[in-house]
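Here the structure is a predicted model, which means the values were calculated and not measured. Note on naming: letters A, B, ... go to the chains in the order of the sequence lines (proteins, then strands), and numbering restarts at 1 for each one. Just so it is clear, the values below take in all heavy atoms, side chains as well, and ignore hydrogens, waters and symmetry mates.
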There are 2 protein chains.
Amino acid sequence: MTKPEHEFRSRCSIARSLEILGDKWTLLVVRDLMWHDKHTFQELQNSEEHLPPNLLSQRLKRLMEWGLVEREAYQDRPVRYRYELTDQGRELEPILLHIMAWGHAHLNGGLYDPVRAQTVAKASR
Amino acid sequence: MTKPEHEFRSRCSIARSLEILGDKWTLLVVRDLMWHDKHTFQELQNSEEHLPPNLLSQRLKRLMEWGLVEREAYQDRPVRYRYELTDQGRELEPILLHIMAWGHAHLNGGLYDPVRAQTVAKASR
DNA sequence: CTACTCACTTCCATAAATTAAGTGACTTCC
DNA sequence: GGAAGTCACTTAATTTATGGAAGTGAGTAG
């Protein structure tokens, strides 16, 4: 996977990551692909947070450009795609887990998948 | 610390966290407070990424509202503040470490503090 | 008195997000 | 065969946020 031509604003790895992941939606798309078995455009759009289709479209494009997501047609006429995380994308899991754990601990509770909780415990060991 | 009145868009802990942390600047402020010994407005503003003062001001306000940052006056006339992470704010460290590790691994290298690298290794064990 | 520092705030042009509606390629129902 | 529906988007219009520059107020130093 070739990375897009992109002038990073900083040499800091955190700042660089945030240029791709640093918004309110991108990691939710990753969450749904990773854990919630949502793989079509429609499924992703119908997440609890209801991200609008133009943003979903744009975010998927960016994730694909950076090689975090791939899609393959699951039917022709009309062509319909199934979106999947790549290995690189799947490596975002610890980030998601820690963000989830932190939010759960500090933001008035919030839903916290008990199946996942176990994984969080593992990640923070 | 009382949390601000806030209607979260979702019950998901990740979505909630992203309402506070999900942008390109907030976690960089946290990074500078946590590791780079930057504590005054000016020091924070002069980070490598040069966030404009209006955004720094707004981000600090939000971090303080949520109890992740506190400030105390280090002088009067004129009053000057020193910003510090609270315990809650310091608990963001694993998130930063994983974002740093991921960015280093996948975004064309990027600077990666060798002192911190050790901590990353520990966090991902 | 003048210049300078620090910690902001205000202003403004641009960019991004939100909301709503529309499009194209079909499939299914009557 | 026409009408309605589904899916995967795109386009347009409005609102909000961002980024860059300049300004302000309270001082200190020369």
Side-chain angles (χ1 to χ4, degrees), chain A residues 4 6-10 12 15-16 18-30 32-33 36-66 69-84, chain B residues 4 6-10 15-16 18-29 32-33 36-66 69-84:
Chain A
H6 179 77
E7 195 65 41
F8 286 108
R9 62 179 164 164
S10 163
C12 171
R16 288 176 171 217
L18 292 176
E19 286 187 49
I20 297 157
L21 308 171
D23 64 61
K24 293 193 176 27
W25 296 109
T26 301
L27 286 176
L28 298 183
V29 174
V30 174
D32 287 341
L33 290 168
H36 297 326
D37 197 32
K38 300 188 176 185
H39 296 281
T40 64
F41 197 92
Q42 172 128 320
E43 286 167 352
L44 290 166
Q45 214 193 136
N46 293 344
S47 68
E48 193 178 341
E49 297 84 10
H50 290 101
L51 84 171
N54 53 349
L55 291 191
L56 175 56
S57 179
Q58 207 245 81
R59 293 306 196 278
L60 286 170
K61 230 167 252 169
R62 194 165 67 196
L63 288 167
M64 287 189 287
E65 280 170 15
W66 284 98
V69 166
E70 283 174 342
R71 68 177 184 183
E72 66 175 313
Y74 67 87
Q75 71 168 51
D76 295 339
R77 286 205 305 284
V79 62
R80 294 284 153 78
Y81 296 103
R82 182 178 169 76
Y83 296 88
E84 299 271 12
Chain B
H6 180 76
E7 194 65 40
F8 287 108
R9 62 180 164 165
S10 163
R16 288 175 171 217
L18 291 177
E19 286 185 49
I20 297 156
L21 307 172
D23 64 59
K24 293 190 172 31
W25 296 109
T26 302
L27 286 175
L28 298 182
V29 174
D32 287 342
L33 290 169
H36 297 327
D37 197 32
K38 301 188 176 184
H39 295 282
T40 64
F41 197 92
Q42 171 128 322
E43 285 166 353
L44 291 166
Q45 212 194 139
N46 292 344
S47 68
E48 192 178 342
E49 297 85 10
H50 289 101
L51 82 171
N54 53 346
L55 293 190
L56 175 56
S57 179
Q58 207 246 80
R59 295 305 196 277
L60 286 171
K61 232 167 251 170
R62 194 165 67 197
L63 288 167
M64 287 189 288
E65 279 170 16
W66 284 99
V69 166
E70 283 173 344
R71 68 176 184 183
E72 65 176 313
Y74 66 87
Q75 71 166 50
D76 295 340
R77 287 207 301 287
V79 61
R80 294 283 153 80
Y81 297 103
R82 181 178 169 76
Y83 295 89
E84 299 271 12

For this session: Please check the phosphate of D:dA17 (OP1 and OP2 only) for any side-chain N or O of B:W25 closer than 4.0 Å.
Result: no
Exercise. Of all the nucleotides listed (D:dT11, C:dC26, D:dA21), which has the minimum atom distance to the side chain of A:P78?
Worked result: C:dC26
Problem set entry | For atom CG of B:L60 and atom P of C:dC8, their distance in whole Å | 8 Å
Exercise. How long is the line joining CZ of B:F41 and C1' of D:dG25, in whole Å?
Worked result: 15 Å
Problem set entry | Distance, rounded to the nearest Å, where A:L55 contributes CG and D:dA17 contributes C1' | 14 Å
Exercise. With a 4.0 Å cut-off on heavy atoms, is B:R71 in touch with a base, just the backbone sugar-phosphate, or nothing at all?
Worked result: sugar-phosphate
Problem set entry | Given C:dA25, D:dG19, C:dC6, the nucleotide with the shortest approach to the side chain of B:R80 | C:dC6
Exercise. Between A:K61 and D:dT10, is there a side-chain N or O to OP1/OP2 distance below 4.0 Å?
Worked result: yes
Exercise. Is there a donor-acceptor contact under 3.5 Å linking the side chains of B:H6 and B:E65?
Worked result: no
For this session: Take atom NZ of B:K38 and atom C1' of C:dA7, then tell me their distance rounded to the nearest Å.
Result: 17 Å
For this session: Let me know the distance between CG of B:L56 and C1' of C:dT10, rounded to the nearest Å.
Result: 16 Å
For this session: Would you give the length of the straight line joining atom CG of B:L63 to atom OH of B:Y83, rounded to the nearest 0.5 angstrom?
Result: 11.0 Å
Problem set entry | Beyond-backbone contact of A:L51 with A:V29, side-chain heavy atoms, under 4.5 angstrom | yes
Exercise. In whole Å, what is the span from the NE2 atom of A:H50 to the C1' atom of C:dT19?
Worked result: 14 Å
Seminar exercise, completed: Per atom distances to the B:Y81 side chain, the nearest of C:dT19, D:dC7, C:dC8 is C:dC8
Exercise. Of the nucleotides D:dA12, D:dG20, D:dC7, which one has an atom closest to the side chain of B:P52?
Worked result: D:dG20
Problem set entry | Main-chain N/O of A:G22 paired to A:E19 side chain as donor or acceptor, under 3.5 Å | no
For this session: Figure out the CD/P separation between A:Q45 and D:dC7, and round it to whole Å.
Result: 11 Å
Exercise. Within the side chain of B:E49, is there an N or O that forms a donor-acceptor pair under 3.5 Å with the backbone of A:S10?
Worked result: no
Exercise. Atom CG of B:N54 and atom P of C:dA13: how far apart are they, to the nearest Å?
Worked result: 15 Å
Exercise. Which is true for B:R59 with a 4.0 Å heavy-atom rule: it touches a base, it touches only sugar-phosphate, or it touches nothing?
Worked result: sugar-phosphate
For this session: Tell me which of A:Q58 and A:D76 sits closer to the 5' end of DNA chain C, going by the nucleotide each one is nearest to.
Result: A:Q58
For this session: Look at the side-chain N and O atoms of A:Y74 and state whether any lies under 4.0 Å from the OP1 or OP2 oxygen of D:dC7.
Result: no
Exercise. When you check the phosphate oxygens OP1 and OP2 of D:dC9, does a side-chain N or O of A:S57 lie under 4.0 Å from one of them?
Worked result: no
